Amino acid sequence: MLEVVALSALTTFLLGVGNGAAGEVGKNLALSAGALVRRTLGRETPLPAGAEDRRELAGRLYARLAHDPGRADEWALLVESGQERIDAPSGAGMPPAPRAFTNHRKVLKRLLGEANRPWEGRPRVALLSGPPGSGTTSVALRLGAESRDRFPDGQFYVDLRGSAGESGPEPAAVLLRLLGEMGVDPDRTPTAEAERERLYRQLTVDRRILVVIDHATSLAQIRGLVPATPDVLLLVVVSGPPLLLEAERVSVPPLSDRYAKQMVRKVAGPENAARVKAELPGLLDRCRGNPFALHVEARLLAAGGAAPDRGAGAWRHHPVRATAEHASLLLDPGTVRLCRLTALGGWPSVSAGIAAAAAGLDEERAARMLAEAADADLLERLPDLRYRFRPEVRRQLADAASAYGT
């Protein structure tokens with residue numbers, strides 16, 4: 001058994017347990033390792049705290065196992081079963097929660113209630129939904145920020161928005177992305193969907209983790225992620241009508257005028273109090289409690305933007321689209337034209353090269369225009385100098401391109 005339980009393997013295992021690997025799982029591994037140390041050495045021997053002491057202990061154990069094949073088998077099983085969990089990441093993959101987050105305390109309370117309720121064999125799954133711009137993603141990120149102690153073994157976030165096709169990625173692709181967030185080397189990821197699901201369940205067993213799948217579009221995407229263990233919470237976020245998923249179904253309502261005012265003041269800043277006071281009634285009427293619209297309008301207001309008055313009726317039922325139109329009125333017409341032409345393309349993300357080709361411009365000028373549009377929240381910045389549209393903003397720009405001929 002010496003080939004199986006090598007000194008290096010014993011040392012790595014004991015050091016990993018010593019670092020508190022995998023939270024609750026690490027505690028269980030430490031208890032199992034401590035009991036096996038006692039049986040191997042024949043006396044009470046607490047696991048030492050220091051790394052050097054653990055290396056010395058591994059050497060003593062290794063020497064004993066040379067004369068005790070049965071005990072070597074026990075160590076082989078423990079090291080093999082614990083290795084993947086020791087290597088599993090702690091999961092600091094959640095993006096930061098927005099600074100201007102306002103209210104929605106009742107929504108957060110319901111989500112935490114699902115995380116903390118008696119398990120009783122029922123999977124912990126919450127479905128968070130709301131109309132475009134309602135702040136579902138912000139709520140999910142805030143939940144992660146406020147519940148780190150509840151999920152010490154990891155928080156894993158996968159955003160499905162921006163994938164090619166209206167229906168989003170296939171279930172196997174969702175699993176691939178989630179396993180990547182969990183630190184699985186792409187070269188070690190199984191090719192079959194069923195094997196990917198099996199690996200996902202191996203990595204989550206006996207761990208206290210939060211899994212967030214944002215902008216899900218179908219039940220198939222998340223069916224294989226429903227947890228079978230009591231300490232995993234799956235939060236599925238949908239922008240639009242909820243999916244037919246067995247879950248705690250939580251909807252995000254519009255902000256009341258009280259909290260809408262708070263958000264506008266937070267974003268615009270105290271130095272713009274007079275301007276906010278003058279524009280607030282019309283702004284509230286246009287945004288109708290939609291956090292995205294409120295956030296963008298407040299930023300435009302702080303920058304000195306004032307759109308022509310088109311009357312409340314034109315804005316009433318589509319606050320995100322209304323905000324996109326408002327932002328368009330405050331931008332250079334050439335930038336708006338580029339955004340409309342790019343929106344017609346339907347690309348998951350765009351670069352200066354793509355935008356330049358769509359608008360018939362050089363890349364340098366297209367890059368400046370994309371940055372200007374992102375500053376006005378018509379686009380969202382991504383890594384590697386790429387951008388993407390929110391779906392409702394894309395629709396407004398594409399409709400305008402068709403209606404006005406760009």
Side-chain angles (χ1 to χ4, degrees), residues 97-108 129-139 141-142 239-240 251-333 335-336 339-340 343 371-381 389-400 403-404:
R99 286 175 56 88
F101 182 84
T102 305
N103 198 24
H104 289 323
R105 303 309 308 179
K106 291 181 180 179
V107 174
L108 286 169
S129 63
S134 60
T136 49
T137 296
S138 296
V139 171
L141 299 181
R142 185 68 173 222
S239 180
S251 60
V252 179
L255 293 176
S256 66
D257 279 358
R258 172 190 172 188
Y259 291 109
K261 292 175 183 177
Q262 284 187 13
M263 172 173 277
V264 172
R265 289 169 180 147
K266 281 182 184 179
V267 176
E271 66 275 14
N272 293 297
R275 187 178 295 147
V276 167
K277 184 176 180 180
E279 299 289 340
L280 198 53
L283 188 154
L284 294 178
D285 193 34
R286 289 195 302 272
C287 295
R288 299 184 65 79
N290 184 284
F292 171 78
L294 288 163
H295 189 277
V296 176
E297 293 274 2
R299 278 174 30 87
L300 295 174
L301 187 63
D309 184 7
R310 296 196 167 197
W315 313 91
R316 187 165 298 280
H317 300 297
H318 299 285
V320 174
R321 295 193 186 193
T323 296
E325 184 172 351
H326 180 181
S328 297
L329 292 170
L330 301 174
L331 287 173
D332 178 82
T335 299
V336 176
C339 289
R340 289 173 177 173
E372 180 185 354
D375 288 341
D377 291 295
L378 283 184
L379 288 163
E380 295 179 337
R381 286 182 171 86
F389 293 101
R390 297 181 69 93
E392 283 295 296
V393 173
R394 181 198 297 277
R395 293 186 187 103
Q396 191 278 328
L397 290 166
D399 289 349
Y404 306 140

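Treat the numbers as computed from the prediction; the structure is a model and nothing was measured.
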Quiz item: Who are the salt bridge (charged side-chain N to carboxylate O under 4.0 Å, His left out) partners of Asp257, not counting sequence neighbours?
Solution: none

Exercise. Identify the two heavy atoms, one from Val252 and one from Ser134, that lie closest to each other, and give their separation to 0.1 Å.
Key: CG1-O, 3.4 Å

Quiz item: Can you find a heavy atom in the side chain of Gln396 that is under 4.5 Å from one in the side chain of His318?
Solution: no

Quiz prompt | Residues forming a side chain to side chain donor-acceptor pair (under 3.5 Å) with Thr335, sequence neighbours excluded | solution = Glu372

Self-check item: By salt bridge (charged side-chain N to carboxylate O under 4.0 Å, His left out) - contacts of Arg265 (at least two apart)
Solution: none

Practice problem: Check side chain to side chain contact (heavy atoms under 4.5 Å, CB included) between Pro132 and all other residues, then give those that pass, not counting sequence neighbours. | Solution: Ser239, Glu392

Quiz item: Hey, what do you get for CZ (Arg390) to CG (Asp377), rounding to the nearest 0.5 Å?
Solution: 9.0 Å

Quiz item: Got a sec, which residues hit side chain to side chain donor-acceptor pair (under 3.5 Å) with Asp399, two or more places apart in sequence or on another chain?
Solution: Arg321

Quiz prompt | Side chains of Glu297 and Val264 in contact at under 4.5 Å (non-hydrogen atoms) | solution = no

Self-check item: Heavy-atom pair with the smallest gap, counting every atom of Ala260 and Leu255
Solution: N-CB, 4.1 Å

Quiz item: Would you say the side-chain atoms of Lys266 pair up with the backbone N or O of Phe101, donor to acceptor, closer than 3.5 Å?
Solution: yes

Self-check item: Flag side-chain contact, heavy atom, 4.5 Å: Pro291 against Thr102
Solution: no

Exercise. Side-chain contact test, heavy atoms from C-beta onward, threshold under 4.5 Å: evaluate it for Ser328 versus Leu397 and give yes or no.
Key: yes

Quiz item: With sequence neighbours left out, what residues match Pro253 under side chain to side chain contact (heavy atoms under 4.5 Å, CB included)?
Solution: His104, Val107

Quiz item: Ala374: what forms a side chain to side chain contact (heavy atoms under 4.5 Å, CB included) with it, not counting sequence neighbours?
Solution: Leu379, Arg381, Tyr387

Practice problem: Output all residues satisfying side chain to side chain donor-acceptor pair (under 3.5 Å) with Arg105, sequence neighbours left out; order by chain, then residue number. | Solution: Glu146

Quiz item: How many angstroms lie between atom CG of Asp285 and atom CG of Leu280, to the nearest 0.5 angstrom?
Solution: 11.0 Å

Quiz prompt | side chain to side chain contact (heavy atoms under 4.5 Å, CB included) involving Arg99 - partner list, sequence neighbours excluded | solution = none

Quiz item: With side chains defined as the heavy atoms from C-beta onward, is the minimum distance between Thr323 and Leu294 less than 4.5 Å?
Solution: no

Self-check item: Closest contact, heavy atoms only, Ala376 versus Val296
Solution: O-CG1, 3.9 Å

Exercise. Could you tell me which non-hydrogen atom of Ala400 sits nearest to which non-hydrogen atom of Arg340, and how far apart they are?
Key: CB-NE, 3.5 Å

Quiz item: Taking all atoms of both residues into account, what is the closest heavy-atom pair of Thr136 and Gly130, and its distance?
Solution: CG2-N, 3.7 Å

Quiz item: Sequence neighbours excluded, which residues qualify as side chain to side chain donor-acceptor pair (under 3.5 Å) partners of Asn272?
Solution: Arg275

Quiz item: Which pair of non-hydrogen atoms, one from Leu283 and one from Ala298, has the smallest distance, and what is that distance?
Solution: CD1-N, 4.5 Å

